[in-house]
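Here the structure is a predicted model, which means the values were calculated and not measured.
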Amino acid sequence: MFDILMYLFENYIHSDMEVVVNHDELTDELTRAGFHRQEIHKALAWLERLADLQDSQLKPYLNKSPNSSTRVFTAEEVARLDCSSRGFLMYLENLGVLDFSTREMVIDRVMELDMPQFTLDDLKWVVLMVLFNVPGHEEAYDQMEGLLFEEPEGLLH
């Protein structure tokens, strides 16, 4: 599923091509690219739920952004997000790349990924996908992209 998300992100993010919004056409394109239909449906559902997170009535904790927040992770989140991943989220929040709501969206999307192992590099891509899909966060997206691709030695974190 994550490979499909990466395929879509990489093929449409810097492309002048219009994003295919017809579910059947997109499924056919992904099938031609070699992905299995079951995984395609999971990936498309993941993207739909990402779009749904922008509806404040769906996730009440996204309604207001507190001035500062302490995030307590559940046991399931700790199992999926290791110490370096949780630290990276805090780092991005301190830089202003993530705010309260986008941080929660990232965590929500990570928890829905169907993959046995999840790495810090995977988290970085999820952050980019979330920021790309949330209107009004273009500057944060650019900053995150710069952190990942323009730093000669990589992130300091």
Could you check, using the six-membered ring where one of them is a Trp, whether H41 and H36 have ring centers closer than 6.0 angstrom?
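No.
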Is it the case that atom CE in M6 sees more than 12 heavy atoms from other parts of the structure closer than 6.0 Å?
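Counting other residues, nucleotides and ligands, CE of M6 exceeds 12 neighbours.
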Tell me if the CD atom of E139 is crowded by more than 12 foreign heavy atoms within 6.0 Å.
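Atom CD in E139 is not packed in, count stays at 12 or less.
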Could you tell me whether the side chain of [Y] reaches within less than 4.5 Å of the side chain of [X], counting heavy atoms only?
X: R49; Y: R109; answer: yes
X: R71; Y: I107; answer: yes
X: E39; Y: K42; answer: yes
X: L8; Y: L26; answer: yes
X: D122; Y: L113; answer: no
X: Y7; Y: E29; answer: yes
X: V130; Y: D108; answer: no
X: M105; Y: H137; answer: no

With rounding to the nearest 0.5 angstrom, report the [atom1] to [atom2] distance, [X] to [Y].
X: L89; Y: R103; atom1: CG; atom2: CZ; answer: 8.0 Å
X: L5; Y: M129; atom1: CG; atom2: CE; answer: 5.0 Å
X: L50; Y: N133; atom1: CG; atom2: CG; answer: 4.5 Å
X: L147; Y: L128; atom1: CG; atom2: CG; answer: 9.5 Å
X: F2; Y: F9; atom1: CZ; atom2: CZ; answer: 10.0 Å
X: T74; Y: M111; atom1: OG1; atom2: CE; answer: 5.5 Å

Joint cluster assignment, M90 & V97, ILVMFWY side-chain distance < 4.5 Å
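No.
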Shortest non-hydrogen contact from L95 toward Q143
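Minimum heavy-atom separation between L95 and Q143: O-NE2, 3.7 Å.
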Any idea which heavy atoms bring R37 and D28 closest together, and the distance?
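Scanning both residues completely, I find the closest heavy atoms to be NH2-OD1, 3.3 Å.
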T119 and D121: CA distance, side-chain angles, deciding distance, side chain to side chain donor-acceptor pair (under 3.5 Å) verdict:
CA-CA 5 Å; T119 66; D121 286 335; 5.1 Å; no
Run L123 and V106 through side-chain contact (heavy atoms from CB on, under 4.5 Å) and show every step you take.
CA-CA 8 Å; L123 175 64; V106 167; 3.7 Å; yes
All pairs passing ring-ring contact (aromatic ring centres under 6.0 Å, His included) where residues 102-122 contributes a residue, at least two apart:
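Counting only pairs at least two positions apart or across chains, no ring-ring contact (aromatic ring centres under 6.0 Å, His included) contact touches residues 102-122.
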Donor-acceptor under 3.5 Å (T102 side chain, L98 main chain):
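Looks like no, no N/O pair under 3.5 Å.
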Would you verify whether the NZ or CZ of R86 falls within 45 degrees of the ring axis of F88 while also being under 6.0 Å from that six-membered ring's centre?
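Verdict for F88: no cation-pi partner in R86.
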